[in-house]
*Asks:* 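I'd like to ask some things about the structure below.
All chains are named by letter (A, B, ...) in the order of the sequence lines, taking the proteins before the strands, and each is independently numbered beginning at 1. These figures come from a predicted structure and were not determined experimentally.
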Protein chains: 2
Amino acid sequence: MSADKRDHILMVAEKLFGEKGFDGTSVRDIAQQAQVNLAMISYYFGSKEKLLESLLEMRANYTILEALNKDETLSPWQKVDRVIEFYVDKIMRNLCFHNIMQQGNQAQSEEIREYITNIKLKNFEQLKEIILDGQKKQIFRNVDIEMTVGSFMGTISQITLARHFYSKLFAIDINDDAAYIETMTGKLKKHLKQLLHAHLVIRNEELN
Amino acid sequence: MSADKRDHILMVAEKLFGEKGFDGTSVRDIAQQAQVNLAMISYYFGSKEKLLESLLEMRANYTILEALNKDETLSPWQKVDRVIEFYVDKIMRNLCFHNIMQQGNQAQSEEIREYITNIKLKNFEQLKEIILDGQKKQIFRNVDIEMTVGSFMGTISQITLARHFYSKLFAIDINDDAAYIETMTGKLKKHLKQLLHAHLVIRNEELN
DNA sequence: GTTTAATTCAAACGTTTGTTTAGTTTTGTG
DNA sequence: CACAAAACTAAACAAACGTTTGAATTAAAC
């Protein structure tokens with residue numbers, strides 16, 4: 001089994017699933033775009049749905065910032081900044097895959113829905129620990145952690161999911177991937193740092 | 001043309017499109033759920049795509065808070081609070097439709113993508129004006145308005161889009177719509193008020 | 001070089017898709 | 001009641017779907 005060709009199909013499928021949705025993409029679309037014979041997809045993956053599962057497995061290491069969390073030399077503020085850098089970079093580098101993750105709710109297959117939910121839960125736990133740590137050290141306010149993480153992920157998702165909207169808003173060519181990624185990565189990082197700092201910081205008037 | 005039956009089909013379609021996506025929903029699904037003959041959908045709407053267009057038109061008045069914006073007796077802070085109340089209530093009351101709006105990016109039809117983008121632009125303009133007004137009156141900080149609105153909408157969208165995730169997180173029965181809406185509406189409003197207040201308020205140390 | 005296994009392919013499979021047809025029933029009007 | 005328009009239906013349509021087949025080609029092993 002040629003790993004090259006398999007990976008190539010996976011990448012084409014990722015792009016199409018991310019852009020047109022799983023149900024909006026036919027295996028013939030994938031085969032044509034990847035320039036492989038239609039039957040190759042069943043041959044390599046078994047079925048369209050198992051192709052999606054393979055895709056999810058390939059990106060399953062979507063959460064690898066445990067090291068960051070364990071680093072005792074970093075202050076909670078530094079951790080927050082690094083998480084923002086890390087996540088924004090990672091998601092903007094994988095726009096299509098992130099869209100697939102967001103569509104997971106509609107998946108007909110319960111197995112896939114579970115799989116995606118679990119990846120999200122892992123990511124959530126990482127972020128939760130960082131905020132919890134800051135709260136224990138009385139550096140962060142007593143914010144609603146679930147909702148705070150929701151705002152963090154939601155802000156990023158908005159940029160990846162509503163690309164047509166933001167392209168129009170910032171007058172970026174809808175087909176210019178590089179321009180969108182560069183523009184939005186910068187804006188996202190700066191904004192999220194400001195937003196989360198303001199949200200988490202213990203203000204003077206609260207100290208009394 | 002029976003408006004009752006037409007509306008009934010629209011509501012069933014809204015639910016299915018919102019839950020399973022446009023491409024994941026067949027006209028036979030809709031006909032069966034709505035308990036109408038398959039041909040009635042073409043008869044009333046012309047096609048599946050025009051059914052979606054009718055759905056969008058029906059909810060086109062999705063933005064009706066101009067009155068709020070023009071109300072000179074309200075302070076920017078009051079406006080922000082009211083917008084939060086308004087939007088959260090409205091979106092949580094129309095979970096499925098909001099999901100359809102979020103999926104719009106994947107729509108094959110450019111007409112539909114444009115339509116949805118324009119609705120979003122209208123909503124954005126309303127929110128932008130409120131923040132701009134507060135900034136002019138030097139009550140709000142000089143935040144990035146586009147990104148701030150992005151966080152606002154993104155936070156809400158996260159709740160509607162990643163329902164499986166949040167149901168699991170808060171141990172809410174995945175089929176209990178009422179419980180989800182009630183729980184999340186409260187959490188959302190409280191969190192968004194806190195978040196936006198912290199983000200927009202001019203802090204003491206910045207006044208010097 | 002021969003044999004065996006892995007890969008590729010065009011073609012066809014049976015379903016499901018969105019839509020249309022042609023005929024029936026119901027409704028509203030004079 | 002008569003009759004035209006509207007509403008509704010079961011059946012069929014062609015196209016697209018995911019998947020499988022069986023033969024052809026290539027690669028690997030001995």
*Asks:* Should the pair Asp177(B)-Arg163(B) be classified as a salt bridge under the 4.0 Å nitrogen-to-oxygen rule?
*Replies:*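 The answer is yes: the pair qualifies as a salt bridge.
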*Asks:* Can you tell which of dT9(D), dG18(D), dC9(C) lies closest to the side chain of Asn37(A)?
*Replies:*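 Closest nucleotide to the Asn37(A) side chain: dC9(C).
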*Asks:* Strictly below 4.0 Å, N to O, side chains only: are Lys120(A) and Glu125(A) in salt-bridge contact?
*Replies:*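 Judged by the 4.0 Å cut-off on N to carboxylate O distance, Lys120(A) and Glu125(A) do not form a salt bridge.
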*Asks:* Show every donor-acceptor pair shorter than 3.5 Å between a side-chain atom in residues 32-40 of chain A and any protein atom, with sequence neighbours excluded, or say none if there are none.
*Replies:*
residue, atom, partner, partner atom, Å
Asn37(A), OD1, Ala39(A), N, 2.9

*Asks:* Look at the side chain of Lys48(B) and decide which nucleotide, out of dT19(C), dC8(D), dT19(D), has an atom nearest to it.
*Replies:*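 For Lys48(B), the side-chain atoms sit closest to dT19(C).
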*Asks:* Do the charged groups of Asp29(A) and Lys20(A) touch, with an N to O distance under 4.0 Å?
*Replies:*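 Yes, charged N to carboxylate O under 4.0 Å.
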*Asks:* Tell me: CG of Asp4(B) to C1' of dC8(D), nearest whole Å?
*Replies:*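 Whole-Å distance recorded here is 16 Å.
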*Asks:* What is the nucleic acid contact for Leu38(B), judged by heavy atoms within less than 4.0 Å: base, sugar-phosphate only, or nothing?
*Replies:*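 Since a base atom lies under 4.0 Å of Leu38(B), the category is base.
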*Asks:* Just checking, is any N or O donor in the side chain of Thr148(B) or His199(B) under 3.5 Å from an acceptor N or O on the other one?
*Replies:*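 Yes, a side-chain donor-acceptor pair sits under 3.5 Å.
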*Asks:* If you take any heavy atom closer than 4.0 Å to DNA chain D, which residues from residues 24-34 of chain A end up in contact?
*Replies:*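 Output list: Thr25(A), Ser26(A), Val27(A), Arg28(A).
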*Asks:* What residues from residues 8-16 of chain B pass a heavy-atom cutoff of under 4.0 Å to DNA chain C?
*Replies:*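 None - not one residue of the stretch has a heavy atom sitting under 4.0 Å from the strand.
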*Asks:* Could you check how far CD of Gln35(A) sits from C1' of dT8(C), rounded to whole Å?
*Replies:*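 Roughly 15 Å, once rounded to whole Å.
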*Asks:* Given dT20(D), is OP1 or OP2 found less than 4.0 Å from the side-chain N or O atoms of Tyr43(A)?
*Replies:*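 Answer no for this pair, as no side-chain N or O of Tyr43(A) is under 4.0 Å from OP1 or OP2.
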*Asks:* Figure out the NZ/P separation between Lys50(A) and dT20(D), and round it to whole Å.
*Replies:*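 Going from NZ in Lys50(A) over to P in dT20(D) covers 9 Å.
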*Asks:* So, are Glu53(A) and Lys50(A) salt-bridged, with charged N and O less than 4.0 Å apart?
*Replies:*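 No, Glu53(A) and Lys50(A) are not salt-bridged.
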*Asks:* Salt bridge or not between Asp89(A) and Arg93(A)? Use side-chain N to carboxylate O under 4.0 Å.
*Replies:*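 Arg93(A) and Asp89(A): not salt-bridged.
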*Asks:* Whole angstrom is fine here: how far is it from CE in Met40(B) over to C1' in dT26(C)?
*Replies:*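 Atom-to-atom, Met40(B) to dT26(C), this comes out as 12 Å.
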*Asks:* Looking at Lys189(A) and Glu85(A), is any side-chain nitrogen of the basic one under 4.0 Å from a carboxylate oxygen of the acidic one?
*Replies:*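 Salt bridge: yes.
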